[in-house]
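Below: one structure, written as structure tokens.
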Amino acid sequence: MCSSNFLFFSLGLLIIILSPIQNFASASLEEANTLLKWKANLQIPNNSLVSSWIPLLLNSSAFVPCTSWFGVVCNADGSIRRLNLNSCGLKGTLHQFSFFLLHNLTHFDLSMNNFFGPIPPQIRLLSKLVYIDFSRNKFSGVIPPEIGNFHQLTSLYLYSNNISGPIPIEIGNLKSLVDLWGTWVTWFSLDHNNIFGAVPTDLGNLKSLIRLVLNNNHLSGSIPPSLGELTSLEYLYINQNKLSGDIPIELGNLKSLLDLDMSTNQLSGSIPSDIVNLTQLHRLSLSSNNLVGEIPKEFGKMKSMLNLYLSNNQLSGIIPVEFGSFRDLLQLDLSTNRLNGSIPKSIGNWAHIHWLNLSNNMLSEKIPSEIGKLVQLTKPDLSQNFLMEQIPSEVQGLQNLQILDFSGNRLSGSIPYAFASLPRGIDINLSYNELSGPVPPCANFVNASLQGNPGLCGNVTGMKLCESKSIKKKNDSFHDMVILVIIFTLIGAIVLCLFTYGLIAYRKQKKMSSLKSLDEKSGDYFTITSFNGKLAYNDILKVTNDFDDAYCIGTGGYGTVYKAELQPTNVVAVKKLHVSSDNVDHNSFLNEVHALTNIRHRNIVKLYGYCSHACHSFLIYEYLEKGSLGSILRSDVLAKELDWLKRINIVRAIANGLAYMHHECSPPIIHRDISIANILLNSDYEAHISDFGTSKLLKLDSSKSTTIAGTYGYIAPELAYTMVATEKCDVFSYGIVAIEVIMGKHPGELPTFSVDDVLLENVVDNRIPLPSPQVEKQLKSVLNLLRACLNSNPHERPTMHQVSKLLMKAS
């Protein structure tokens with residue numbers, strides 16, 4: 001009896017012990033089979049470790065998925081707790097994923113795969129999640145607001161997907177956001193998606209955040225001041241968006257910040273002085289915005305600064321001497337602003353800097369000799385400023401140099417022989433200065449850019465030869481022997497010249513006096529640059545046979561163009577204006593012409609001057625051999641001369657010229673009539689913009705005019721209702737011209753053309769062979785940029801400086 005009772009007791013105890021195990025086994029088996037069903041709907045590479053998931057038999061151990069399945073981690077009770085399936089090559093969706101049965105998941109990692117489709121709202125059933133990483137996939141749709149219900153969530157990674165829509169305000173509920181590796185690191189990353197709308201003010205609730213990454217989206221509106229409450233923040237990236245308005249002064253509260261990037265937005269106003277409170281900052285990028293005002297001199301307080309980028313804004317004033325406190329500075333970019341004054345000598349404190357760009361400003365005075373102390377410098381760019389005097393010989397200290405660009409300044413004197421001490425193989429650009437004398441005989445100048453320095457000479461391509469000292473010494477003795485003969489000869493020649501000059505002057509005076517009464521009746525002459533108005537007027541009438549059609553080389557909206565060969569080596573293009581001089585305010589017009597004749601850019605046709613007469617008024621231009629771009633594109637024979645590289649170079653050259661007019665002329669010049677008729681080509685097919693500013697000159701009261709300036713088919717759409725021409729109107733016209741260069745005909749000639757049709761296969765000119773793969777890649781980059789230029793919203797179009805810069809990178 002006792003033994004029987006003991007048997008029943010033992011069996012009961014065994015049942016009690018085994019019942020939980022059976023339940024655990026059942027639960028684990030159900031979760032495992034759920035994963036297998038989901039796996040069956042995925043595309044999995046043969047070599048993927050997920051392929052090791054094999055179907056389970058009914059009597060399989062409950063812990064098989066936990067011990068043998070890759071990426072599966074279970075609790076002690078056998079329930080699946082973690083799925084770590086990153087970088088497995090999986091492709092599929094989450095539609096068949098059983099969120100209900102896998103409700104014990106705490107870590108869900110699908111990063112670096114090929115998942116697509118939306119993130120289902122059923123994800124809310126995984127209420128125990130503390131870690132989500134869906135980054136580097138192709139998820140689309142919106143961020144489910146339900147994510148805001150994960151009050152235990154510590155990490156959220158959704159970057160590098162195709163997610164769109166706004167950031168849900170419910171994100172502000174994730175107050176526990178703490179990264180997997182500890183409470184001292186937090187990272188909320190939504191970058192590289194298609195997210196739009198405003199940055200929610202509720203993000204200010206995420207007090208534990210140390211990294212907030214929202215860059216490369218389409219966020220708009222202002223930066224919320226509430227971000228200043230994220231006092232633990234060390235990294236803030238909101239660049240590459242469409243944010244506007246002022247930089248909030250509240251960001252000055254982020255005293256733990258190490259890296260701040262707000263570049264490539266539409267931020268305006270000045271740089272707030274409160275930002276100098278960020279004394280721990282290592283990197284600050286505010287480039288490519290619309291910031292104005294001076295750089296706060298208090299910037300010098302940020303002594304931890306390593307990388308500072310303020311380029312492509314409208315900053316003015318001087319470079320603060322306090323920048324010298326950046327003793328650990330590695331990179332500085334202040335290019336394309338309106339900075340003036342001198343380069344401070346305190347740059348000599350930047351012992352570690354390796355990249356310095358101060359180009360496209362209005363810096364003047366001499367290059368400080370302290371530049372030679374920057375021994376780590378590899379790429380100094382001081383181009384397109386007003387720097388003067390001689391290049392300091394201390395440049396020989398730049399022993400890590402790779403590229404040196406001092407072009408487009410007013411540097412004078414000789415090139416220091418110290419350049420011979422620089423490393424071989426560097427790229428030197430000293431073009432378009434006022435340098436003179438011999439070019440140093442070193443290998444670095446064999447391929448250097450030195451054009452635009454008429455006084456330079458040497459055994460370098462494009463330079464005149466210098467007379468060597470040895471030859472000069474040998475010739476001195478000969479000169480001494482014949483000097484007496486020359487003196488007597490000169491005396492006789494002088495006497496003869498004086499007699500001849502007197503006779504010519506007498507006859508000229510007589511002729512001029514006979515014309516005086518006619519001049520007083522017929523009108524005035526303007527004398528511009530090297531032309532004498534009266535002489536030029538008479539000469540041009542003579543060589544064009546009083547503007548005979550035989551000399552006509554083109555017509556335009558404002559006049560007819562003639563070729564005038566004043567001398568065998570002096571050929572000019574003359575545009576005879578349709579308007580009479582009565583419509584022109586002579587004093588204002590003369591001031592404008594003087595300004596335009598001072599323009600110097602290789603992609604803008606040189607305007608020599610203007611002649612005004614009651615019978616004829618005309619502009620005198622540089623003559624370019626190949627004529628207008630329009631005449632070439634309209635000819636099937638001539639168009640074949642424009643291969644793809646020539647066309648890309650034409651597109652790039654036009655952009656460079658317009659960028660100069662918009663951003664480097666003071667005041668800026670708006671062309672208002674960019675078309676293929678106003679683009680001229682020289683003998684090398686290099687493009688030059690013509691008629692720049694002509695429409696503005698001929699209509700000085702154009703701000704009151706209700707007439708739309710420009711050529712039909714190239715006019716920006718906003719002109720139809722605003723009647724106000726801006727730089728963005730030129731950007732639109734440029735986009736049409738550039739596409740026409742690639743297409744070979746105006747895009748309006750296509751019956752169903754739209755901006756979305758700007759694809760390579762739709763627009764190539766079939767009169768020339770298809771591009772090579774390398775050139776095709778360049779063309780696609782160009783066309784993608786041109787689509788932005790044709791945006792119907794002018795505020796969404798890039799500036800011509802941005803276009804020019806991106807085209808240079810695409811080469």
Side-chain angles (χ1 to χ4, degrees), residues 287 306-312 319 329-337 339 343 347-348 350-361 363 366-387 390-411 415-433 435 439-453 456 458 460-463 601-602 649 652-653 655-656 659-660 664 801-802 804-811:
S287 296
L306 300 178
N307 302 281
L308 178 58
Y309 310 104
L310 304 178
S311 63
N312 292 298
I319 299 175
L329 193 65
L330 299 177
Q331 297 188 354
L332 176 65
D333 190 353
L334 305 180
S335 62
T336 316
N337 280 288
L339 300 173
I343 300 174
I347 68 170
W350 301 337
H352 306 289
I353 192 169
H354 59 81
W355 186 46
L356 173 64
N357 193 345
L358 305 179
S359 64
N360 290 289
N361 279 288
L363 299 172
K366 64 185 298 185
I367 299 173
S369 60
E370 285 76 8
I371 194 171
K373 297 180 181 180
L374 312 184
V375 294
Q376 301 298 327
L377 198 58
T378 60
K379 299 179 180 180
D381 189 348
L382 308 183
S383 63
Q384 303 302 322
N385 281 287
F386 299 100
L387 298 171
Q390 194 166 8
I391 300 172
S393 59
E394 286 80 1
V395 294
Q396 64 186 346
L398 307 180
Q399 289 300 310
N400 285 292
L401 207 59
Q402 297 175 7
I403 299 174
L404 182 143
D405 193 347
F406 290 172
S407 63
N409 282 286
R410 296 175 179 174
L411 299 171
I415 300 175
Y417 274 80
F419 272 87
S421 302
L422 294 175
R424 298 191 61 175
I426 62 174
D427 186 353
I428 297 176
N429 188 349
L430 302 179
S431 60
Y432 299 101
N433 279 286
L435 299 169
V439 176
C442 63
N444 287 326
F445 282 102
V446 173
N447 297 312
S449 298
L450 302 174
Q451 66 271 22
N453 291 282
L456 282 180
V460 180
T461 303
M463 295 287 104
H601 193 278
R602 65 181 301 165
N649 287 333
R652 186 181 296 118
N656 293 342
Y660 174 84
E664 299 183 36
H801 177 79
Q802 291 170 332
S804 175
K805 192 171 183 178
L806 290 172
L807 287 176
M808 290 298 293
K809 291 180 179 178
S811 62

**Request:** Could you walk me through whether L356 and L334 pass the side-chain contact (heavy atoms from CB on, under 4.5 Å) test, one step at a time?
**Result:** CA-CA 8 Å; L356 173 64; L334 305 180; over 6 Å; no

**Item:** Note, L363 side chain near L387 side chain (heavy atom, < 4.5 Å)
**Value:** yes

**Asked** Is any side-chain heavy atom of L310 less than 4.5 Å from a side-chain heavy atom of L332?
**Response** no

**Message:** I'd like to check L358 versus I319 (side-chain heavy atoms, cut-off strictly below 4.5 Å). Are they in contact?
**Reply:** yes

**Asked** With a 4.5 Å heavy-atom cut-off, do Q399 and P423 have their side chains touching?
**Response** yes

**Request:** Return yes if a side-chain donor-acceptor contact under 3.5 Å exists between S431 and S449, otherwise no.
**Result:** no

**Prompt:** In Å, rounded to the nearest 0.5 Å, how long is the span from CG of N360 to NZ of K805?
**Reply:** 9.0 Å

**Asked** Can a donor-acceptor pair be found between the side chains of H801 and N312 at a distance below 3.5 Å?
**Response** yes

Donor-acceptor contacts under 3.5 Å from residues 369-382 side chains, at least two apart:
unit_1: T378; atom_1: OG1; unit_2: H354; atom_2: O; d: 2.6
unit_1: D381; atom_1: OD1; unit_2: S383; atom_2: N; d: 3.1
unit_1: D381; atom_1: OD1; unit_2: S383; atom_2: OG; d: 2.7

**Prompt:** So, Q331 versus Y309: side-chain donor-acceptor pair below 3.5 Å or not?
**Reply:** yes

**Set of side chain to side chain contact (heavy atoms under 4.5 Å, CB included) partners for A653, sequence neighbours left out** = N603, A687

**Request:** May I ask you to test the L329-L306 pair for a side-chain heavy-atom distance under 4.5 Å?
**Result:** no

**Request:** List the steps, then state whether side-chain contact (heavy atoms from CB on, under 4.5 Å) holds for F419 with V395.
**Result:** CA-CA 7 Å; F419 272 87; V395 294; 4.0 Å; yes

**Asked** Given side chains that start at C-beta, do those of L435 and L450 come closer than 4.5 Å, heavy atoms only?
**Response** no

